[in-house]
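Every chain is numbered from 1 and lettered A, B, ... according to where its sequence line falls, protein lines coming before strand lines. Computed from heavy atoms alone, side chains included, the values below leave out hydrogens, waters and symmetry copies.
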Amino acid sequence: MTRMLRISPVGVRGVVGTGLTAQHVLDFSTAFGTFLETGAPVLVARDPRASSTMVREGVVAGLMACGHEVIDLGVAGTPVIQHTIRRTGAAGGVSIGASHNSADWNALKFLGRDGVYLSTLEANELLDIYHLRKFNLVEWGAIGKLWAETGAIDAYIDTLAATFDLPALRGFRVVVDCCNGTSALILRRLNERFGFSFILINEKLGSVAFAHEPATTRDMVNLQLAPLMRPLNADAGFLFDIDSDRVAIASEEGEAISEEMILPLLADYFLPRHSGKLVITNLSTTALLEEVASKHGGTVLRVPVGRQAAIDAIAAHRPEQVALAGEGTGAVMLPQFRFVYDGIASMLALLSMLLERGQTLSRIVESYPRFRILKGQVPLVTKRIPALLNALREQYADGRANTLDGLRVDWPDHWLHVRVSQTEPIIRVICEARGAAPVALFNGLMETVRSFA
Amino acid sequence: MSKREHLLKIGVSGIRGVVGEFLTPSLACAFAQAFGSYVGRGTVVVGRDTRASGPMLQHAVTCGLLAAGCEVIDVGVLPTPTLQVYVSATGALGGISLTASHNPPEYNALKLFNGQGQFFNQYEREELLDLYHQSDFQQAINSQIGGVRQVLDQAPRLHLDRVLRHVDAARIRGCGFRVALDGVNGAGSVMTPRFLREDLGCALHAISVDPTQPFPREAEPKPETLGALAQLVTETKSQVGFAQDPDGDRLAVADENGHVLDNDDVLALAVEAALARLPGDVVVNLTTSSAIDDIAAKHGRKVIRTKVGEANVVEAMQQVGAAIGGEGSNGGIIFPAVHLCRDSFTGMAFLLDLMASTGKTMSALARELPRYYRRFGAVMFEHGKLGDLMLQLEERFAGAEMDRMDGLKIRLPEGWIHVRASNTEPLLRIAVEASAESDAEALYRSVTLLNSNRE
């Protein structure tokens, strides 16, 4: 069975036409319109996919039908709509777009007051409304109206300028692979307004195809961005996914830096600056984080993989306790940005770090203890998952087991994590070790997993 | 029968209902996707009247059309006939007008048109309905999804230029008529004032021509609801008054005394104007006045009668290549040389042209029409008893000429009776016409008495 539609607390995501249809869009947006309180506007933004226009029409109709005033930001990334919700006191918003998925996918991300993702409790309530199909459709005189707003990106940049010393960062020579996504809209304005000289590649918005898979992985960095670093004499290179919430980096030497490094780098930069000493991450993220955190007197809280667990963990703490949160995919949430994934803010934080250290990016990365991570994936046979996890637990009985999300086993200098993907029908396998790559461990693990596939 | 059943109707005429709990955006989207799947991957024109629910439904409909792989042209607020003309002129595969026409503001509906800007025939409509019920939709993938293009200024000019070709516009302008207009704040508001002032040189006194405001009166333009127009006519000493419905297909007319004409008489005047210009026969429904027969006879033309309903009249007009047609009671004038649809703009132009060519007042023109007395009404009947009632009528008027095409039409020497059951309610609609007022009264009573005797 090929899965082409996923409806979960994270939202609705699917291949348009074969999985995600106009009816899903209408039903979900009407459910969200029912879920949200009326009184303040609801914002809508979309990525450049062709199908996002179709989804937008349905989302606007569903929200209006529930009596909401709708403000359309047009094509804009998720961080921008999240910022605008906060800035304007909107009741919530819908970010349309399938971020790091291929062009044939689309998704609806539901955002609540302050632009934050829905908590699991709220998301489940939304799902219940969707499944019950008991919608608050208002009578004709109370139907909402639609407005367009064009200044959202500039207002978002104003907040970036208040957080980072943008003029001081102008001197860096930076290459960005926009992957035909929304980051191009923001970076062009940064060039125009602050005299940056970001060199943008793949900057044309893509409706039916992207220059490459829009994933923020080393492979994608190596494809086009990394080879440009030396020829262009750049200080750093950044790759964004379509909705600009994730980032990957290339060093000045043209090397793709592991996506696992971004969170430790930012933790190293932000922990000393922040009263909060807690770093929230998931069970699949590098153990380097614990070392970096302890250097600054911080602690790491590990939660199940996925945005939802991180959101719930942040909600369970006072904001001032948390220094930052994120995962090893280049998705990082900063307290200055009220904990939304924001690739642009992450980029500016990394540039600020370069400026402060006065070192090259590769020198900074080399200064950390070396951890090697190996990742694999095996297609899923759902009914055999429990047996697989039990078998692995017996096979690796000498380590410390954690069953919060699949199975994680820890030893003093290495660990493994086997879990089921939330978005794709596959089992993800990750091993990490200090020093040399844990090849034998990884191969043994993959062999066991494959025997269950 | 519960009230709820009237709040939403999905049938061969499309989808119509009270917006909110009944006519939902989800239904509108699904119906539009069925429509898009039916017409194929090409351009579809979408417009609306001025109802508050229009923009919301337009987004839902656009979503469904895009999901079916259609390109959408958004013409915004536009009269239905203007949208139909535009569809036919642009090579679009179809059009959707979001309007519940003369229904109250809480209602809305999708009026569906083919690539010629006309209603689908009965068989096509059934096919589309099956497609909807099967949820057998074209599901476009990302690379097949088209866009939305807004075209707001082309359609009105296109439509009005076609209308102006069939009247002597210079002569009308030369008369400088004082005209009153009640636009019901409908879709006509966006183009009627300009049409009357600039194209036809009228001194216009207009009320309710703000498309952002709600309907100030009952949406159906009929004598009982046009008090404001009558007053405007007398106050401004206008020579004629026009009233449109929210989507600009229906027209009502007041004479210079503020007297609102019978819609049958308005159609009769339009028929007179058309037959004087063009060859061809006339098509009207069974309920339309015999005055049409007299006028057609004067011009040596035939009158073809159809079942009630614009689609039926249009279908017959197409078959016989009629010069003009319409439905008297509901203010619909259909003039195919402009477009095969109900069109208040053609109606206004024809009546002004008649005034200009004859030099007569509107009241004089109406007075000179063949005089018939009409009585319309409706009675409730008990469910399941409709057949009995019809049989009793046939017995009561045994020997008269009976037409059973649509309900029962009984032709008598002194006039005629037409009774038909409503499609949506347990109502028997009664129409009666006779040359003498007393005969019309008597015929009407004979039907209502029959119904009350039964109980």
Legend entry - Residues of residues 27-36 of chain B within contact distance of chain A, non-hydrogen under 4.5 Å: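 Contacts with chain A: B/Cys29, B/Ala30, B/Gln33.
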Taking atom types as modelled, is there a side-chain donor on [X] or [Y] under 3.5 Å from an acceptor on the other?
| X | Y | value |
| --- | --- | --- |
| B/His59 | B/Thr62 | no |
| B/Arg16 | B/Asn108 | no |
| B/Glu71 | B/Thr43 | no |

Inset, instruction - Name the region of B/Ala140, side chain, backbone, both or neither, that has any atom closer than 4.5 Å to a heavy atom of chain A. - result: backbone
Legend entry - Greater than 12 external heavy atoms within 6.0 Å of A/Glu139's CD: no
Any sub-3.5 Å donor-acceptor pair from [X]'s side-chain atoms to [Y]'s backbone N or O?
| X | Y | value |
| --- | --- | --- |
| B/Gln138 | B/Ser37 | no |
| A/Thr30 | A/Leu26 | yes |
| A/His68 | A/Met64 | no |

Inset, instruction - Could you check which of B/Arg51, B/Glu106, B/Gln144 has the highest count of heavy-atom pairs closer than 4.5 Å to chain A? - result: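 Among the listed options, the one with the most contacts to chain A is B/Glu106.
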Inset, instruction - Between chain A and each of B/Gly20, B/Ala67, B/Ser26, B/Pro214, count heavy-atom pairs under 4.5 Å; write down the option with the most. - result: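 Among the listed options, the one with the most contacts to chain A is B/Ser26.
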Legend entry - Residue pairs fulfilling salt bridge (charged side-chain N to carboxylate O under 4.0 Å, His left out) with at least one residue in residues 43-54 of chain A, sequence neighbours excluded: A/Asp47-A/Arg49
Legend entry - NZ/NE/NH1/NH2 to OD/OE distance under 4.0 Å, A/Lys109 and A/Asp243: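 The answer is yes: the pair qualifies as a salt bridge.
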Inset, instruction - Could you tell me which of A/Leu63, A/Leu20, A/Val16 has the largest number of non-hydrogen atom pairs under 4.5 Å with chain B? - result: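 Answer, by heavy-atom pair count under 4.5 Å with chain B: A/Val16.
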Legend entry - Full working for side chain to side chain donor-acceptor pair (under 3.5 Å) between A/Ser183 and A/Ser244: CA-CA 5 Å; A/Ser183 62; A/Ser244 327; 4.6 Å; no
Legend entry - Under 4.5 Å from a heavy atom of chain B, the part of A/Ser207 involved: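 For A/Ser207, the backbone is the part near chain B, not the side chain.
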Legend entry - Residues from residues 128-138 of chain A approaching chain B under 4.5 Å (heavy atoms):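 The list, in residue order, reads A/Leu137, A/Val138.
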Inset, instruction - Examine A/Phe35 together with A/Phe110 and report whether their ring centres are nearer than 6.0 Å. - result: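 Not close enough - the centres of the two rings lie 6.0 Å or further apart.
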Legend entry - Those residues that, when tested against A/Glu203, pass side-chain hydrogen bond (donor to acceptor under 3.5 Å, both in side chains) (two or more places apart): A/Arg188
